[in-house]
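The structure under discussion appears below in the form of structure tokens.
Order of the sequence lines fixes the chain letters, A, B, ..., with proteins taken first and strands second; residue numbering starts at 1 for each chain. These figures come from a predicted structure and were not determined experimentally.
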Protein chains: 2
Amino acid sequence: MSTPGTTEGTVPSGHASPNVFCEHCPTRLVLDRLSDKWVVLILARLSEGPRRFNQLRREIEGVAQKMLSQTLKKMERDGLIGRQAFATVPVTVEYSITPLGLTLASKVVEIAHWAEENIEQVLAAQASYDAN
Amino acid sequence: MSTPGTTEGTVPSGHASPNVFCEHCPTRLVLDRLSDKWVVLILARLSEGPRRFNQLRREIEGVAQKMLSQTLKKMERDGLIGRQAFATVPVTVEYSITPLGLTLASKVVEIAHWAEENIEQVLAAQASYDAN
DNA sequence: CAGAATCCGAGGCGATACTG
DNA sequence: CAGTATCGCCTCGGATTCTG
């Protein structure tokens with residue numbers, strides 16, 4: 001992490017080292033992406049291999065179709081995933097992860113793992129907190 | 001990650017293996033926590049050492065004090081951080097990371113690193129996408 | 001199949017003011 | 001210092017409907 005207390009981070013031109021703690025640093029944008037919980041799940045799925053739209057929709061329970069297409073579009077813009085359309089009838093679209101996206105996915109999958117492994121402890125902590 | 005396509009995940013009593021992809025699996029709750037972008041930043045800060053309230057406030061630029069206290073409370077409930085009050089005048093409160101929180105923080109810090117290291121590529125991808 | 005468009009409510013979040 | 005309380009914007013995100 002960048003050095004605490006410094007006030008660089010607004011980046012673009014000057015290239016002061018990016019710093020997530022800095023208010024308007026674009027790195028915050030990455031964190032904002034993860035705020036889409038769907039991004040995490042999509043990354044995880046696509047890192048296993050390419051998927052079609054409705055395939056993703058089925059594999060990620062609870063996602064509304066609007067959210068899915070919206071999120072996919074953002075991720076494509078960020079260069080995290082690629083989109084390829086095939087001129088079949090009806091049209092077929094395949095989403096795949098990019099090399100860049102893959103590096104992020106590897107980090108993100110670890111978070112998902114953490115969630116699956118430690119959820120019990122979290123739930124226990126909540127229960128004990130609430131019992132108070 | 002849990003096996004795709006299965007429909008366990010609703011967990012609590014039966015202990016089917018938790019699965020983030022499952023709609024009502026409590027592991028989603030963890031992802032929802034990361035949706036608080038502040039959680040990420042707080043974890044990162046506290047993993048460096050204990051902090052006091054206003055100290056955190058200053059070190060995390062842009063956080064409203066309401067959000068900070070709110071987020072800290074949630075994280076305490078989740079067992080990710082601890083809170084200790086000292087009966088000084090005026091009162092002193094110190095937040096610190098728990099062992100559980102530390103394991104999550106280590107994952108999360110990597111995301112922050114990723115953001116700082118790859119932000120340029122993301123911005124470039126966006127620019128090229130928009131130029132289209 | 002892969003989406004775009006619209007409607008709409010709940011709540012995330014910030015700004016401000018007050019307290020012990 | 002370390003919060004709580006209140007207000008209001010405004011976005012997120014779900015449900016529904018329509019299209020090529």
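Atom P of nucleotide D:dG3 and atom CG of B:Leu68 are separated by 9 Å, given to the nearest angstrom. If you measure from atom CZ of A:Arg28 to atom C1' of C:dC13, you get 14 Å, rounded to the nearest angstrom. Distance CZ (A:Phe53) to C1' (C:dC1): 10 Å, rounded to an integer number of Å. Going from atom CD1 of A:Ile42 over to atom P of D:dG13 covers 11 Å, rounded to whole Å. Computed from coordinates, the A:Leu56 CG to C:dG3 P distance equals 10 Å when rounded to whole Å. Remark: P of C:dC1 and CZ of A:Arg83 are 16 Å apart, rounded to the nearest angstrom. Atom CD1 in A:Ile60 sits roughly 14 Å away from atom P in C:dA2 (whole-Å rounding). Atoms CD (A:Glu94) and C1' (C:dG3) sit 17 Å apart, rounded to a whole Å.
Counting non-hydrogen atoms under 4.0 angstrom, A:Arg57 reaches nothing in the nucleic acid.
Of all nucleotides listed (D:dG3, D:dG13, C:dC13), C:dC13 comes nearest to the side chain of B:Asp36. Residue A:Lys66 places its side chain closer to C:dC7 than to any other of C:dC7, D:dA2, C:dA2.
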Self-check item: Chi angles and distances behind the side-chain contact (heavy atoms from CB on, under 4.5 Å) call for B:Gln126, A:Asp78
Solution: CA-CA 5 Å; B:Gln126 290 183 350; A:Asp78 291 346; 2.7 Å; yes
Exercise. Using the side-chain contact (heavy atoms from CB on, under 4.5 Å) rule, take B:Leu100 and A:Trp114 through it: C-alpha gap first, then chi angles, then the decisive distance, then the call.
Key: CA-CA 10 Å; B:Leu100 179 64; A:Trp114 188 95; 3.7 Å; yes
Quiz prompt | side-chain contact (heavy atoms from CB on, under 4.5 Å) between A:Ile42 and A:Thr71, worked out | solution = CA-CA 9 Å; A:Ile42 292 172; A:Thr71 307; 3.8 Å; yes
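In terms of phosphate contacts, B:Ser69 brings a side-chain nitrogen or oxygen within less than 4.0 Å of OP1 or OP2 of D:dT4. Not one side-chain nitrogen or oxygen of B:Arg51 sits closer than 4.0 Å to the OP1 or OP2 atom of D:dA2. Between A:Tyr95 and C:dG3 there is a side-chain N or O to OP1 or OP2 distance below 4.0 Å.
The base of D:dG13 has none of its N or O atoms less than 3.5 Å from a complementary donor or acceptor on the side chain of A:Gln70.
Between B:Lys73 and A:Met67, it is B:Lys73 whose nearest contact on DNA chain D lies nearer the 5' terminus. When each of A:Leu72 and B:Gln65 is assigned the nucleotide of DNA chain C with its nearest heavy atom, A:Leu72 is the one assigned upstream, toward the 5' end.
At least one donor-acceptor pair under 3.5 Å links the side chain of A:Arg28 to the backbone N or O of A:Phe21. With hydrogens and angles ignored, the 3.5 Å screen pairs no side-chain donor or acceptor of A:Thr92 with any backbone N or O of A:Phe86.
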